[in-house]
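Please read all numbers here as calculations on a predicted model, not as lab measurements. All heavy atoms count here, side chains included; hydrogens, waters and symmetry mates do not. In what follows, every chain begins at residue 1, and chains take the letters A, B, ... in the order their sequences are listed.
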Amino acid sequence: MRTLITPLATLRDRGRAMSVPQKLATAAAGAAAAALGATALEVRRRVADSDASPGSGIDLVRSVVARMTTPLLPDDYLHMINPLWSARELRGKVVEVRPETHDAATLVITPGWGFQASYQPGQYVGIGVSLDGKWHWRSYSISSAPDRAARGRGTITITVKAMPEGFMSEHLVRGLAPGTIVRLALPQGDFVLPDPPPAKLLFWTGGSGITPVMSMLRTLHRRGTMPDVVHIHAAPNRGQAIFRDERVALAGTHPTLRLVENFDDEHGILDVSKLEAACPDWRDRQTWVCGPAPMLEAAERHWESAGLGQALHLERFSAALTASAEGGHVVFAKSGREADLDGATTILEAGEAAGITMPFGCRMGICHTCVIPLKKGMVKDLRNGAEYQENQGVQTCVTAAAGDCVLEI
Amino acid sequence: MTVMQKKAENPVAHLSARDIEDLGLELDAIRAQVIASRGEHDAAYIRRVIDAQRKLDLASRAVLLFSLFPPAWALGTAGLSVAKILENMEIGHNIMHGQWDWMRDPKIHSTTWEWDNASPADMWKHSHNELHHTYTNVIGKDNDLGYGIMRVDEDQRWMPFYLGQPLWNFINACLFEYGIAAYDLEIAKNWAGRKDNAEFQRQRKAVLGKIRKQMTKDYLVHPLLSGPSALTTLGANLTANLVRNLWTHSVIMCGHFPEGVQTFAKKSIEGETRGEWYLRQMLGSANISGGKLTHLMTGNLSFQIEHHLYPDLPSNRYAEIAPKVQELFERYGLTYVTGSLPRQVGSAWKKVIRLSLPNGFLANLKSARRPVRVAAPAADASGAGRPFMERIAA
């Protein structure tokens with residue numbers, strides 16, 4: 001299981017950065033007072049915003065046909081024929097589950113309507129899977145290279161490592177049958193390879209942190225313009241090194257790609273001093289680092305102390321929401337419910353447990369459907385420890401009480 | 001019937017405060033069992049019902065494209081009526097109650113669902129989930145009791161206006177979806193100047209917008225698509241909406257109107273405990289007996305008692321917990337009011353007619369043919385609620 005930490009700035013900018021189909025999805029998930037009214041408006045906005053003309057024709061037809069189907073949308077009937085024919089929510093079909101190592105597998109997914117094939121290498125995607133009747137959402141980096149030529153008919157891949165006690169990652173690796181329909185959230189994240197790429201790059205990855213970098217390597221390979229790349233990858237042993245054959249083959253094909261492998265069982269843990277030895281000119285390179293938290297912290301310290309923080313790009317992931325708040329007595333003002341919470345329980349889970357109909361969407365801090373005004377007190381973002389004071393909307397799905405607080409629901 | 005607290009024979013007089021709390025705990029345990037066992041089987045059920053309803057709706061509308069031919073008209077109208085009933089009851093009503101929120105499916109969710117009905121989902125959820133389900137059968141608090149236009153209890157003062165209530169009730173049944181929208185709008189409260197006008201105008205716009213869309217679909221777009229069959233399709237859609245209105249009205253009348261269902265005084269619910277809340281739901285609701293089809297077509301409101309005890313448990317599980325609930329009724333010496341659909345509808349209508357007349361009017365007529373009961377039950381001080389003749393005799 002991995003949960004990606006998104007920098008706060010990205011959260012704030014999300015409204016602007018969010019693509020229009022995602023706004024559609026968010027609108028659909030939000031309180032829909034007049035379902036058709038709201039959606040028709042979104043469709044018009046989408047038509048106005050979109051420069052992709054083939055889409056606007058379809059949208060127009062859809063809004064006309066919606067007159068026949070209100071309060072439902074044409075998509076609600078269309079996806080009865082083909083589950084991927086729905087722009088009201090992003091869906092995907094798992095077409096293949098390919099084992100990579102004994103505890104990691106790659107899911108090949110055909111996305112449905114509304115999915116952008118033009119994601120950037122390094123971005124991650126939200127995936128929702130129904131397990132025993134209940135939908136569960138997680139984020140995973142896309143490991144495939146974007147294929148614009150496929151014009152939306154291509155596939156994407158995510159690569160998942162089964163984590164101990166991570167029931168979702170376990171299910172994705174071992175329990176997902178080809179043909180399963182999953183829900184998707186649009187690709188996002190700013191841990192991306194710029195286009196054109198810098199002349200000299202360093203990739204430093206650990207374990208399943210290889211996945212976003214694999215998308216970057218594949219993209220560079222596809223374009224046939226491999227710059228000067230050093231890729232240092234750390235894995236417990238040879239057998240657990242994901243994509244090893246492909247990476248070795250890539251290094252063979254491109255003389256400008258140098259692969260350095262560190263197997264903890266053979267070579268011991270890779271630390272910063274070893275890194276210096278493996279890549280002496282690290283100061284001259286734009287660097288992308290993805291792996292376990294201690295590795296990221298070490299990299300951050302090392303680059304900061306050299307005054308090179310600008311050249312470092314980090315992708316954080318951890319086994320769970322790690323930060324913990326102190327907890328407190330939470331009052332849900334409108335519904336008159338109260339609860340004493342620990343610092344690890346999200347406000348969303350607490351509200352649901354108290355019998356309140358809480359709004360929610362992705363349940364992982366992406367869609368902002370769950371935002372509720374915080375009237376008093378403070379909550380803490382469990383992804384990064386950011387604290388939010390009273391009199392602002394807070395994302396209940398990723399925040400916990402930091403002291404007593406009052407929420408307006 | 002009269003508010004329970006004023007009855008000569010209080011049906012809960014034999015229960016101590018302790019008994020009532022114990023009853024509450026037992027009911028909590030039944031709830032916990034269902035919650036712990038919700039899973040794929042239940043999720044598959046609601047997805048299946050939604051899928052079948054949409055197919056039936058599509059197929060019926062397709063058949064109605066040829067509604068000029070009487071057999072096509074009959075088949076299409078019947079199918080569309082059933083589809084609309086399913087959509088409103090087993091699907092819409094129950095999803096908007098939050099019965100399926102646990103699936104965390106953003107589409108099959110109480111916050112996003114919209115239904116084929118004049119009342120917009122938000123407004124209906126407020127008046128139904130927050131008011132009716134909280135203040136069930138509390139006179140003056142629960143608008144579902146008589147919808148503000150009918151006398152539903154002996155304690156309500158009789159006025160000549162109520163003479164027409166069988167007619168009002170019938171008109172309300174025919175136009176039920178608009179009746180619900182009107183009372184979700186709280187029109188009467190607005191007239192009395194007790195409602196924020198800006199809020200009322202916003203809601204009025206929402207309702208009219210929704211009605212316009214529903215009417216455009218049923219009375220304009222689909223008839224036009226039928227070409228030469230336009231008029232007959234229009235008639236079919238009108239009929240299907242009428243059938244849906246009459247059916248839902250009947251089922252809902254059966255939930256709280258039949259004889260034997262208790263009503264409660266406003267004061268009686270002050271400081272109500274969880275156990276007492278459960279007890280009020282048990283005594284304020286009535287079931288409809290029948291087979292699987294009856295349960296499906298009533299949106300499992302045939303298990304009105306179970307639904308009122310657990311409004312947010314998945315409807316497909318009410319049948320399974322009903323015997324346990326019934327066993328509790330027996331053990332605690334309470335009356336589980338149930339009967340067949342025709343019997344309960346008849347009982348509810350009889351009450352509407354009886355209460356359109358002053359208290360005891362019918363009893364008065366009957367007493368001409370039957371001797372007055374000599375051993376009257378112990379009356380309370382006011383004597384309210386006892387048949388007119390008995391009070392005269394006393």
Is Asp57(B) in contact with chain A via its backbone, its side chain, both, or neither, using a 4.5 Å heavy-atom distance? side chain

With a 4.5 Å heavy-atom cut-off, do Thr357(A) and Lys125(B) have their side chains touching? no

Looking at side-chain heavy atoms only, is the closest gap between Lys217(B) and Pro71(A) below 4.5 Å? yes

Closest non-hydrogen atoms of Asp132(A) and Trp102(B), given as atom of the first, atom of the second and distance, are O-CZ3, 4.2 Å

If you count the non-hydrogen atoms of other residues, nucleotides and ligands that lie under 6.0 Å from NZ in Lys107(B), is the total more than 12? yes

What part of Ile50(B) gets closer than 4.5 Å to chain A, counting heavy atoms only: side chain, backbone, both or neither? neither

Are the side chains of Asp105(B) and Arg183(A) in touch, meaning some heavy atoms are under 4.5 Å apart? yes

If you round to the nearest 0.5 Å, how far is OG1 of Thr69(A) from CG of Leu58(B)? 9.5 Å

Side chain from CB out, backbone as N, CA, C, O: work out which of these in Asp42(B) comes under 4.5 Å of a heavy atom of chain A, or both, or neither. neither

Of the backbone (N, CA, C, O) and the side chain (C-beta and beyond), which part of Trp115(B) lies under 4.5 Å from a heavy atom of chain A, both, or neither? backbone

If you draw a 6.0 Å radius around NE2 in His329(A), do more than 12 non-hydrogen atoms from other residues or ligands fall strictly inside? yes

Side chains of Ser130(A) and Glu40(B), heavy atoms from C-beta outward: is any pair under 4.5 Å? yes

Report the distance from atom OG1 of Thr112(B) to atom CD of Glu89(A), rounding to the nearest 0.5 Å. 10.0 Å

For the backbone of Lys134(A) and the side chain of Arg104(B), can you confirm whether one donor and one acceptor N or O come within less than 3.5 Å of each other? no

I'd like to know whether CZ of Phe66(B) has more than 12 heavy-atom contacts from other residues, nucleotides or ligands below 6.0 angstrom. no

Please report the closest heavy-atom contact between Lys55(B) and Met80(A), naming both atoms and the distance. CG-CE, 3.3 Å

On a heavy-atom basis, which atom in Ala43(B) and which in Gly133(A) lie closest, and how many Å separate them? CB-CA, 3.5 Å

Should the heavy atoms of other residues, nucleotides or ligands under 6.0 Å from OH of Tyr135(B) be counted, would the total exceed 12? no

